[in-house]
Amino acid sequence: MSKPVRVRFAPSPTGPLHIGGVRTALFNYLFAKKHNGTFILRIEDTDQNRYVANAEQYIIDALNWSGISPDETIGKNEKFGPYRQSERKGIYKKYADELIASGNAYYAFDTAEELDALRNEYQENKKTFIYNHHNREKLNNSLTLHAEEVQKRLKNGDKYVIRFKTPVDKTLKMQDMIRGDIKIDTNTLDDKILFKSDGMPTYHLANIVDDHLMEITHVIRGEEWLPSMALHVLLYNAFGWDAPEFAHLPLILKPTGKGKLSKRDGDKLGFPVFPLEYKNESTSEISKGYREDGYFTEAFINMLAFLGWNPGTEQELFSLEELIQAFDISKVVKSGAKFDVDKTKWFQHQYLINKSDGELAELFLEKDSRVSHFHVNGNDKENNLDYITKVVSLIKERATFVSDFWDLSSFFFEAPTEYDAKASKKAWKQDASGLMKELISILSNLEDFSAENTENIVKQWITSKEIGFGKVMPPFRLSLVGAMKGPHLFDITSFIGKEETIQRIEKAIEYFD
RNA sequence: GUCCGAUUCGUCUAGGGGUUUAGGAUACAAGACCUUCAAUCUUGUGACACGGGUUCGAAUCCCGUAUCGGAUACCA
């Protein structure tokens with residue numbers, strides 16, 4: 001068909017990448033892989049004022065953790081490098097000059113103050129100042145000044161910017177892979193600055209030049225760029241280059257209320273907005289990350305992929321590989337999607353229960369010092385892991401994160417140190433102590449302490465003596481667990497063993513008497 | 001203000017003029033299971049923003065209105 005697919009993710013290093021950015025990167029990645037293409041990371045740091053030192057590394061770390069590392073970037077397959085726009089500084093001026101020579105751009109000497117004054121003046125009259133064909137003939141630029149005057153100012157070292165000379169009276173017809181046909185009247189556009197007085201290009205120029213030089217075939221970016229698409233297409237035309245295809249992704253919105261998702265929403269509603277924890281070096285403020293909150297990257301990516309896209313089938317759980325196979329950019333939704341914490345947790349839960357007990361046990365051991373201090377049969381590591389694996393198999397279905405494990409399983413590792421007050425009141429009635437004493441004598445006579453056998457014997461006892469399950473089971477559970485929760489009671493007894501079971505009941509009797 | 005975009009259950013969405021009593025997931029509720037809690041399973045509640053067209057027929061096409069979002073910087 002055509003040229004090999006090359007797409008780029010081009011963030012600006014002004015702070016941590018938030019999940020909207022990760023999703024844009026993900027869709028670029030999926031599109032590239034789907035078409036056997038190349039996924040490129042380019043850092044757009046043309047604004048020196050907003051540069052944040054650790055942001056670039058954060059972006060790279062975030063993509064790595066997400067499993068969507070670029071194929072081509074700083075220090076990796078640098079065929080079209082450099083990949084930092086600040087290091088490409090030298091190449092943009094030439095292209096701006098080319099546009100001036102072809103009559104598609106002009107020098108402008110208006111100062112920022114002059115333009116601000118003009119904007120204010122227009123605003124007072126309830127109008128909007130637009131620097132374009134309406135008034136460019138009246139302002140301070142190479143369209144109005146004599147050629148010698150322009151040369152003189154340039155030689156003099158006067159500050160100037162280079163602006164695009166937007167064509168007049170044209171209707172631009174464009175195509176977006178997600179939105180279809182888009183029409184724009186060029187008269188509504190303004191003469192955007194392409195080259196700043198500090199010698200750096202603006203986003204618009206740098207972006208087009210780099211995309212062309214790096215042979216980008218598809219531009220997949222956020223919806224906030226839709227209004228700039230016309231300018232970009234016009235620029236490609238002015239240079240005589242083929243424009244890439246465009247796709248503008250919908251925004252990710254706040255879970256409640258209005259507007260796009262912001263860092264504050266996360267703080268307020270208690271979910272992370274960033275993939276990784278981020279520490280703001282100037283304020284020391286720490287923002288939560290999905291990784292640190294215990295989300296698996298598979299769950300995080302699956303959730304993100306489904307925010308604004310779905311394959312049109314009823315399958316919801318997709319590995320990255322399956323996402324690549326199923327991905328179709330034309331199926332991306334056009335409208336913004338509100339972020340949903342519950343759904344995110346559901347994805348995480350699904351991935352957690354699908355992991356093997358052994359793998360989860362190792363994570364549990366690695367991440368929770370309370371378990372790693374636990375030893376079954378002395379110091380035998382294998383027995384220990386084996387025991388924890390079995391515990392995990394009993395409790396994982398009720399957990400969302402590995403960090404939930406301890407609360408769900410502590411009674412497998414240590415006797416309860418306190419008894420839940422509310423549960424105690426309900427479970428431990430007057431006759432409980434007596435019944436528990438009887439229970440101890442029954443248990444101590446047992447040879448086979450397996451879950452099945454213990455259950456059978458205990459139930460026989462209860463039925464034959466017509467005591468009622470409601471009188472025995474609650475205090476029994478309370479003794480072992482300390483609360484009215486947890487897995488099947490006889491699974492617990494067989495796990496902790498006869499001796500420990502009896503000890504715990506004795507302890508409870510002592511406590512309540 | 002101007003320009004651009006969007007609008008289906010609370011939320012994410014399926015839907016491309018008749019096969020739709022608008023489907024799925026999540027959330028919520030009830031029941032089952034378990035004499036615990038959760039998970040799980042079953043069932044249920046719940047939506048085409050509004051108004052006009054076009055058409056035999058519209059969630060689907062067109063036009064308005066409303067609402068929301070984005071852009072309107074020598075930021076990206």
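Lettering follows sequence order; numbering is per chain, from 1.
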Give a yes/no on whether any side-chain N or O of [X] is located under 4.0 angstrom from OP1 or OP2 of [N].
X: A/Lys196; N: B/A76; answer: yes
X: A/Lys254; N: B/U11; answer: no
X: A/Arg119; N: B/A73; answer: yes

Considering only NZ, NE, NH1 and NH2 on the basic side and carboxylate oxygens on the acidic side, decide whether [X] and [Y] come within less than 4.0 Å.
X: A/Arg119; Y: A/Glu124; answer: no
X: A/Asp45; Y: A/Arg84; answer: no
X: A/Asp211; Y: A/Arg42; answer: yes
X: A/Glu466; Y: A/Lys471; answer: no

Item to complete: Locate the shortest heavy-atom distance separating A/Pro82 from A/Arg88; write the atom from each residue and the value.
Response: O-NH1, 2.7 Å
Worksheet entry | A/Phe27 to A/Ala305 - nearest heavy-atom pair and separation | CZ-O, 3.7 Å
Value in whole Å for how far the [atom2] atom of [N] lies from [atom1] of [X]:
X: A/Leu139; N: B/C74; atom1: CG; atom2: C1'; value: 15 Å
X: A/Asp328; N: B/A14; atom1: CG; atom2: P; value: 12 Å
X: A/Glu223; N: B/G70; atom1: CD; atom2: C1'; value: 6 Å
X: A/Leu226; N: B/G5; atom1: CG; atom2: C1'; value: 6 Å
X: A/Phe405; N: B/C37; atom1: CZ; atom2: P; value: 22 Å
X: A/Lys396; N: B/U40; atom1: NZ; atom2: P; value: 13 Å
X: A/His349; N: B/A27; atom1: NE2; atom2: P; value: 10 Å
X: A/Leu194; N: B/A76; atom1: CG; atom2: P; value: 12 Å

Taking the [atom1] atom in each of [N] and [M], what is the distance between them to the nearest angstrom?
N: B/U42; M: B/G70; atom1: C1'; value: 45 Å
N: B/C9; M: B/G15; atom1: C1'; value: 15 Å
N: B/U19; M: B/G57; atom1: C1'; value: 14 Å
N: B/C63; M: B/C4; atom1: P; value: 13 Å
N: B/A25; M: B/A14; atom1: C1'; value: 11 Å
N: B/A49; M: B/G44; atom1: C1'; value: 27 Å
N: B/G69; M: B/G53; atom1: P; value: 32 Å
N: B/U55; M: B/G17; atom1: C1'; value: 9 Å

Candidate nucleotides [options], ranked by approach to the side chain of [X] - the nearest:
X: A/Lys260; options: B/U11, B/G70, B/U36; value: B/G70
X: A/Leu115; options: B/C74, B/U36, B/A39; value: B/C74
X: A/Gln350; options: B/U40, B/A25, B/U11; value: B/U40
X: A/Lys192; options: B/G70, B/U72, B/C12; value: B/U72
X: A/Arg163; options: B/A14, B/A25, B/C74; value: B/C74
X: A/Ala337; options: B/A71, B/U26, B/U13; value: B/U13
X: A/Ser335; options: B/A14, B/U7, B/A71; value: B/U7
X: A/Leu251; options: B/A76, B/C4, B/G70; value: B/G70
X: A/Ile193; options: B/U26, B/A73, B/U36; value: B/A73

So, do [X] and [Y] have ring centers that fall under 6.0 Å from each other?
X: A/Tyr351; Y: A/Phe296; answer: no
X: A/Phe413; Y: A/Trp406; answer: yes
X: A/Phe327; Y: A/Trp309; answer: yes
X: A/Phe512; Y: A/Tyr419; answer: yes

Pairing partner of [N] (Watson-Crick or G-U wobble, both distances under 3.5 Å):
N: B/C3; value: B/G70
N: B/U65; value: B/A49
N: B/U40; value: B/A32
N: B/A25; value: B/U11
N: B/C56; value: B/G18

Fill in: Sorted by number, the residues of residues 410-432 of chain A with heavy-atom contact under 4.0 Å to RNA chain B
none
Worksheet item: Of all of residues 307-316 of chain A, which get a heavy atom below 4.0 angstrom from RNA chain B, listed by number?
Response: A/Gly308, A/Asn310, A/Glu314, A/Glu316
Item to complete: Apply salt bridge (Lys or Arg N to Asp or Glu O under 4.0 Å) to A/Lys173 and A/Asp181, showing your working.
Response: CA-CA 7 Å; A/Lys173 287 182 191 138; A/Asp181 295 326; over 6 Å; no
Discussion item. Please determine whether any donor N or O and acceptor N or O are separated by less than 3.5 Å between the side chain of A/Thr188 and the base of B/C3.
Written reply: no
Worksheet item: Applying the ring pair (Phe, Tyr, Trp, His ring centres under 6.0 Å) test to A/Phe300, which of A/Tyr290, A/Phe274, A/Phe347 qualifies?
Response: A/Tyr290
